[in-house]
Amino acid sequence: MARKSMHGEWSSRWAFVLAATGSAVGLGNIWKFPYITGENGGGAFVLVYLACIVVIGIPVMMAEIMLGRRGRQSPINTMYDLAVESGHNPNWKWLGWLGVLAGFLILSFYSVVAGWSLAYIFRSATGVFTGATADGVESLFLDRFLAHPETLLFWHTLFMAMTIIIVARGVKSGLESAVKFLMPTLFLLLLVMVGYAMSQGEAFMQGLEFMFRPDFSALTWGGVLTAMGQAFFTLSLGMGAIMVYGSYLSHTASISRTTFTIAAADTGVALLAGIAIFPIIFANNMEPSAGPGLIFISLPLAFGHMPGGVLFGSLFFVLLSFAAWTSSISLLEPVVTWLVETFNLRRITATLYAGIVTWLLGVASVFSFNEWAFEFEFAGVVKENGIFDILDILTTNIMLPLGGLFIAIFAAWFMSREASRDELGLGDGMRYNLWRFLVKFVTPAAILLVFLNMLGII
Ligand code: TRP
C-alpha cells in the first residue's frame, strides 16, 4: 500500500535532513528572529518562542513529515488522498490549498529580503563599511538602499531567478553537497560574530540579559502570537514545505530523530544570531526595536570595525544568501509539484509560471519600503512597511498556525492510530503516546488559545 513519489526520492536520510535543515535555517533565523525579538521586548518573547518550538513546532513537524511520506504528492493531492483513503471528507484538500497560497505569499516578500542579503555581499566586499559610524551604516541602508525601488527590484529579480533555476532542475540534485558544506561554515561564522560580541565588554552582558531575562510586562498577546508564528516560520511548518520534502523521504528513515536534528540546528542558529547581534546594538546605542533593517544596520557596523571585516562581512552575506536560497526553494516546491501533477506540465514550465507570478507579487513588497510605505500598528508594535508587513503578519501569524492546527487535527483525530504509529517509528509506548497527546490536545489548544486571545474573545 505504500506509494511512490512521481518526483523521485532522497538518496538517503541524511539528504533529507540536509534539505529540511536547509529549508528551516534561513532569513527567519538570522534576519527575522532578532528583529521581532527586539520589537517584542526580548526575554519573555524568546521564552514563549522556545516553548512554542517544543510544544507546537516539534510535534507538528513530525505530523507534517508523516503526512507527506504517506501521501507522496503535492500537499493538495496528499491531503485529498489521505482523507479519502481513511474515509473522510475530500475537502481536506483545502488545507493543501491554504499552504500553497501561504508559500507563494511568503516567497514574494522573502525574495525581496534575500535580495538585500545579495546586495550586501557586494557592499561588504567594496569596503564601504570600514570605519563607518552607527549613523553612517544606517544611512547607507535607509537612504542609499531601501529608498531606491529600482535597486531593490534588481536584487529581488536576481534572487527569484536563482530560485527558479534550482527548482526547475529538481530540488534533489545539487542541494545536498552544497548544504553539507555551507551550513557548518555559516555556523562557524556565527561563532566568530559571537566572539566579536564578547569583545564588546558590558554590552555583551546587556545583550544576553535582553535575550534571556524574561520581563513579562514587555510581552503582549500580540507578541505571543508573533512568537508562535515565528516557531512555524522558522521550522518551515504549516504550509506543506516540509510535507513535500517528507514525500521524498524513504520509508526506512526515522521521522522523530530527523525532526529533533532539524529543530535543534534551527534553534541553535537563531539563538546564536541573537547573541551576536544584540551586544552590537547596545554597544552602539542603537534601538533593538529598529525593525526589518536590524541586522543590515548592526552587522555592517561590526564588520566595519573588526579585523578582517571586509572578508568576514562578504562571506557572511554569501552564506546568509545561500541559507535564504535553500529556504526559498522549499517555498516554491509545493506549488510546482501541484502544477506538474495536475496539469501534466513539464517541471521547468511549471516553475517558470509559479516563479513569475511570485516575482510580480514581490514588487508590492519592493515598494513597501519606499514609494508605498505606510505605517500601522499591530498589537502595540508600529509597523512601517505597509503591504510587506501585512503579508508577513497574514502568513506568519495567521495562515501558518492555522495550517499547523489542521495538520495536527488531521494527524491525531482523522488518521488511524495504527497508521501514525507505523509511520513515526516511535514504538507503541510512552514516546508515541506523548506525541499523540501533544498533537491531539496540547497543540490545537495552544494555537486556539492564542488566536482567541488575539481576537479579544477570551
Ligand atoms: N524557515 C525558513 C526561514 O527560517 C523560511 C521558510 C522556508 C518557510 N520554507 C518555509 C517558512 C515554509 C514557512 C513555511 O528562513
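Read the numbers this way: they start at 1 and go in the same order the structure lists the ligands and their atoms.
- Side-chain contact of S321 with S117: a donor-acceptor pair under 3.5 Å is present, judged by distance alone.
- Using a 3.5 Å distance cut-off with no hydrogens or angles, the side chains of S23 and S327 do not pair a donor with an acceptor.
- Side-chain atoms of D266 and T234 form a donor-acceptor pair, as typed in the model, at a separation below 3.5 Å.
- For V318, the side-chain contact (heavy atoms from CB on, under 4.5 Å) criterion is met by I121, not counting sequence neighbours.
- Closer than 4.0 angstrom to ligand 1 by heavy atom are S23, A24, G26, L27, G28, N29, I106, Y110, F233, T234, S236, M239, A241, S327, S330, L331, L400, sorted by chain and number.
- In this structure, the side-chain contact (heavy atoms from CB on, under 4.5 Å) partners of A197, at least two apart in sequence or on a different chain, are F204, P279.
- By the ring-ring contact (aromatic ring centres under 6.0 Å, His included) test, H88 is found to be paired with F414, residues two or more places apart in sequence or in another chain being considered.
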